[in-house]
Each structure stands twice: as C-alpha cells, then as structure tokens.
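Chain identifiers are assigned alphabetically (A, B, ...) following the order of the sequence lines, protein sequences preceding nucleic acid strands; residue numbering begins at 1 within each chain.
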2 protein chains.
Amino acid sequence: MPSSPQDDLLTTLRQTMGVIIHLTMRRSWRFAKEHGLSITQIMALRQLAHHQEACSVSSIGEGLGITNAAASQLLDKLVQQGLVLRTENPHDRRSKQIVITEKGKDLLRESMRAQRAWMEVLGQRVTPAEARQITEALALLTEKLADVE
Amino acid sequence: MPSSPQDDLLTTLRQTMGVIIHLTMRRSWRFAKEHGLSITQIMALRQLAHHQEACSVSSIGEGLGITNAAASQLLDKLVQQGLVLRTENPHDRRSKQIVITEKGKDLLRESMRAQRAWMEVLGQRVTPAEARQITEALALLTEKLADVE
DNA sequence: GTGAATAGTTAAGTGCGGTTAGATTTTAGG
DNA sequence: CCTAAAATCTAACCGCACTTAACTATTCAC
C-alpha cells in the first residue's frame, strides 16, 4: 500500500514528538518544581500567553479542566506573585479580565530557556545547510499550527 | 549583525517549541488526569521506556528529583496497576530491577495518540510538497537528537 | 421590577504526592 | 567476622491542589 506524504508526515511527527516530549516535559516539569509553581499554574500562564487577549476566570478553569472555584484560587496565587492581572470587565461587571503580566511572560520565556541545552546540542550537530532546511520547515509548521486550540 | 543559520535555527526552534509545548503538555497533562495518574507517574514511565533497560529505585528517584522513599511509594502504585514490574536484582540483592510492562508501554502509546488531533489538523493543512519538506526536516532533527540526555 | 441565570469568590474538607526518620536486608572493607 | 555503607521499604506527618457548597454581585428575560 502506497503511503501519502501526509501519512508519512504523521508517522514522522509522532516519532519526533516522542523525542521532543521526553526532552521538554521533563525540563518544564523540573522548572516548575524549582520555581515553586504547580504544573497547573504554568499551564494557566501558557493559556493566557497563547491567546493573547484577556480571559475570564471560567474560561481558564474550563481550559484546565478544573472548577471555577479552583481556577479562582489558582489565579489568586498568580496575582499575588505578580504574574497575572485581574481587573473588572467593564462590559459585564460580573466577569473579570485576566491578563498575563510582563513578569509572567518573562517567566515563560525563562522556562523556554530551560530547553536551551538540547537545542544548542542540535545547533552544534547540524551543518549550516541542514540548519536552514530545518528552520524553514519548522517555520512552516509553526505557521500552520498558529491558531490551533 | 549577520545571523548564522545556526542562530536562525535556535530562534525558530524556540518559537516552534512554544507552540508544540503548548499543544503537547496540555494534552499530556489532561491525559494523565483522565487516567488518574500524576505527571510524576507518567514521567517515571517515560524514563523507564526511554532507557530500555531495568532501572533501580534510586535512579528513578534521582531522575525525577524526589527522594527514594517517594520513588518507592510511587512505584508501588505503578506495580499495582500492572504498568511496571519490580524484581530482585540477582547481582545485588539489595537492589530492585524496575522495568516497564507491555501495559505500561501501551499506556504511553495511548498518550501519544492523545496528540493525534492537532497532528491531523497539520496534515490537512499542508500540501503534499510541504508535507514532504517537513517530514524530511523532522526526520533529520530526530536523528540528530537521538541520543541526547 | 422581580425572579432566574451567570460570574466569581470564600470556606471547609478531602486526597495525594512528597518529606523525614527509622527499620530491614544485603554487600563491602579492614 | 564485625562494622560501615548501600538500597529499599514502612510509617507518620505535612502541604497543597481540588472539590463541594454556600454566598455575593451583576445581568437578563418576562
């Protein structure tokens, strides 16, 4: 049976993700522990950073699969640490607008930096031509995934 | 200042990883929750699956950044669920050999399947030519990272 | 307007992952 | 041998993330 380029892509993607997940999850998780944050808190920050605009408390809870009460408590701690801002929604005063602060973004950036080691190894192992090839492909991949949930 | 292909690669990699991590961590984390497992337990399984051979209790604890006592308790639960096997080390009877079972590997495979959705979206969005391009680059990337950490 | 629904917070309670401390068994060293 | 060290397990305890339930404040619908 002939395999389509799309099928090949899926197969390769699964393989690559196996490696990537092993490298990144591990580091993300240790990063969280070292900074005294829970994975959930990191996930909340990521979610806020991901769809740029302000989120409601309940949308965050839903995104994380926890109750609104839990989300509210979780956000308390993030606010306390200055990682997010909680303001009233002028259009609906029942609702709150949650946005990530610069400090919060910094933290996420720093967590990315925890990935740096293996990325640099990769950088050292590829030729300039290979680097260009991979860069191009990744840029394409990122573009295609830009708006995926 | 001119940027080398390697620098470009790092920059793009960081960006791509931002997206990828958002997609994969989120799903891995939900998968764990839905299966009543902690991230730590998943990490332990990953570690066991990664370096194929048997591990000691303490090496797992070390890998996870927890005490041996915690590792021992954690493994209890994994053994109970049939995800790992704990046997005596014939060469040093103080030590135990921990190996992942088929059931454990199945679980990891299933957690990979949880990533399928976004991968398929990607598959639908690229042209066959783009699919080939990305596949090639990812295969290269995987090859270069095969033995890291 | 009044009652119902929505958004969020607060409080009390639970479960679980983790720690420390101490016991057990086996190996290694002089 | 006999002591010290190593690998694991057990037990008691702690903190924290979540849940449920009750409460406040706002908006919507008739």
Side-chain angles (χ1 to χ4, degrees), chain A residues 25-26 28-48 53-81 83-100, chain B residues 25-26 28-48 51 53-81 83-99:
Chain A
M25 283 227 4
R26 192 186 168 82
S28 293
W29 175 75
R30 301 203 87 158
F31 175 85
K33 281 186 78 174
E34 281 159 14
H35 283 70
L37 295 168
S38 69
I39 295 287
T40 314
Q41 288 173 316
I42 299 273
M43 300 306 286
L45 283 178
R46 268 195 217 296
Q47 184 174 336
L48 284 165
E53 320 135 5
C55 295
S56 66
V57 173
S58 42
S59 75
I60 289 175
E62 195 178 350
L64 297 174
I66 57 180
T67 61
N68 291 349
S72 179
Q73 291 166 10
L74 179 144
L75 289 171
D76 273 345
K77 284 161 202 157
L78 294 182
V79 168
Q80 239 171 358
Q81 296 178 55
L83 301 174
V84 309
L85 220 57
R86 172 159 48 183
T87 57
E88 229 177 32
N89 182 339
H91 298 85
D92 182 346
R93 287 173 52 213
R94 291 171 300 180
S95 170
K96 299 292 171 70
Q97 290 179 324
I98 314 292
V99 291
I100 186 169
Chain B
M25 284 226 4
R26 191 187 168 83
S28 293
W29 175 76
R30 299 202 88 158
F31 175 85
K33 282 186 79 176
E34 281 160 12
H35 283 70
L37 295 168
S38 70
I39 295 287
T40 314
Q41 288 173 317
I42 298 273
M43 300 306 285
L45 283 179
R46 267 195 219 294
Q47 185 174 337
L48 284 165
H51 22 25
E53 318 136 6
C55 294
S56 67
V57 173
S58 41
S59 76
I60 289 175
E62 196 178 347
L64 298 174
I66 57 179
T67 61
N68 291 349
S72 179
Q73 292 165 9
L74 178 144
L75 290 171
D76 272 346
K77 285 160 201 157
L78 294 182
V79 168
Q80 241 171 359
Q81 296 179 55
L83 300 174
V84 309
L85 219 58
R86 173 158 50 183
T87 58
E88 228 177 33
N89 183 339
H91 298 83
D92 183 345
R93 289 174 50 213
R94 291 170 301 181
S95 170
K96 298 291 168 72
Q97 289 180 324
I98 315 291
V99 291

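Straight-line distance from the CH2 atom of A:Trp29 to the C1' atom of C:dG17: 11 Å, rounded to whole Å. With rounding to whole Å, A:Ile66 atom CD1 is found 12 Å from C:dT9 atom P. What separates CG of A:Asp76 from C1' of D:dA17 is a distance of 13 Å, to the nearest Å. One atom, CG of A:Leu37, and another, P of D:dC16, lie 12 Å apart when rounded to the nearest Å. C:dG15 atom P lies 17 Å from atom CD of B:Gln73, rounded to whole Å. Between the NZ atom of A:Lys96 and the C1' atom of C:dT6 there is a distance of 14 Å, rounded to whole Å. Between the CD atom of B:Gln80 and the C1' atom of C:dG17 there is a distance of 15 Å, rounded to whole Å. In this structure, B:Leu64 places its CG atom 10 Å from P of C:dT19, rounding to the nearest Å.
When atom types are taken as modelled, the side chain of A:Lys77 and the backbone of A:Gln41 share no donor-acceptor pair closer than 3.5 angstrom. Remark: side-chain polar atoms of A:Gln73 are not paired, donor with acceptor, to backbone N or O of A:Ala70 under 3.5 angstrom. B:Arg26 places a side-chain N or O within 3.5 Å of a backbone atom of A:Gly63 that can act as its donor or acceptor partner.
The shortest side-chain heavy-atom distance between B:Ser72 and B:Arg86 falls under the 4.5 Å cut-off.
B:Arg86 has no side-chain polar atom (N or O) that falls below the 4.0 Å cut-off from OP1 or OP2 of D:dT8. Between B:Thr67 and C:dT20 there is no side-chain polar atom (N or O) within less than 4.0 angstrom of OP1 or OP2.
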Next on the checklist: The test is side chain to side chain contact (heavy atoms under 4.5 Å, CB included); show your working for B:Lys33 and A:Ile66 and say whether it passes.
Outcome noted: CA-CA 11 Å; B:Lys33 282 186 79 176; A:Ile66 57 180; 3.5 Å; yes

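Distances were taken from every side-chain heavy atom of A:Asn68 (C-beta onward) to each of D:dT10, D:dC18, C:dT9; the shortest belongs to C:dT9. For A:Lys77, counting side-chain heavy atoms from C-beta on, the closest listed nucleotide (D:dA17, D:dC9, C:dT9) is D:dA17. The A:Ser56 side chain lies nearest to C:dG8 when the options are C:dG8, D:dT10, D:dA17. Closest to the side chain of A:Val57, out of D:dA11, D:dT19, C:dT9, is C:dT9.
With a 6.0 Å radius and a threshold of 12 heavy atoms from other residues, nucleotides or ligands, A:Glu88 has its CD atom above the threshold.
One distance of note links CD of B:Gln81 with CG of B:Leu37; it measures 5.5 Å at 0.5 Å rounding.
Nucleic acid contact class of A:Ser95 (heavy atoms, under 4.0 Å, all strands): sugar-phosphate only. Backbone-only contact: B:Ser58 has heavy atoms under 4.0 Å from sugar-phosphate atoms and none from a base. At the heavy-atom level, A:Lys33 lies nowhere under 4.0 Å from the strands shown.
With the nearest nucleotide of DNA chain D identified for both A:Gly65 and B:Ser59, B:Ser59 has the one nearer the 5' end. Comparing A:Ala70 and B:Gln97 by the nucleotide of DNA chain D that holds the closest heavy atom to each, the one mapping nearer the 5' end is B:Gln97.
The one candidate from A:Ile98, A:Leu85, A:Val84 that meets the side chain to side chain contact (heavy atoms under 4.5 Å, CB included) condition with A:Val79 is A:Val84.
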Checklist outcome for this item: In B/S/- notation (B base, S sugar-phosphate only, - none; protein heavy atoms under 4.0 Å), nucleotides 21-30 of chain D written 5' to 3' is B----BS---

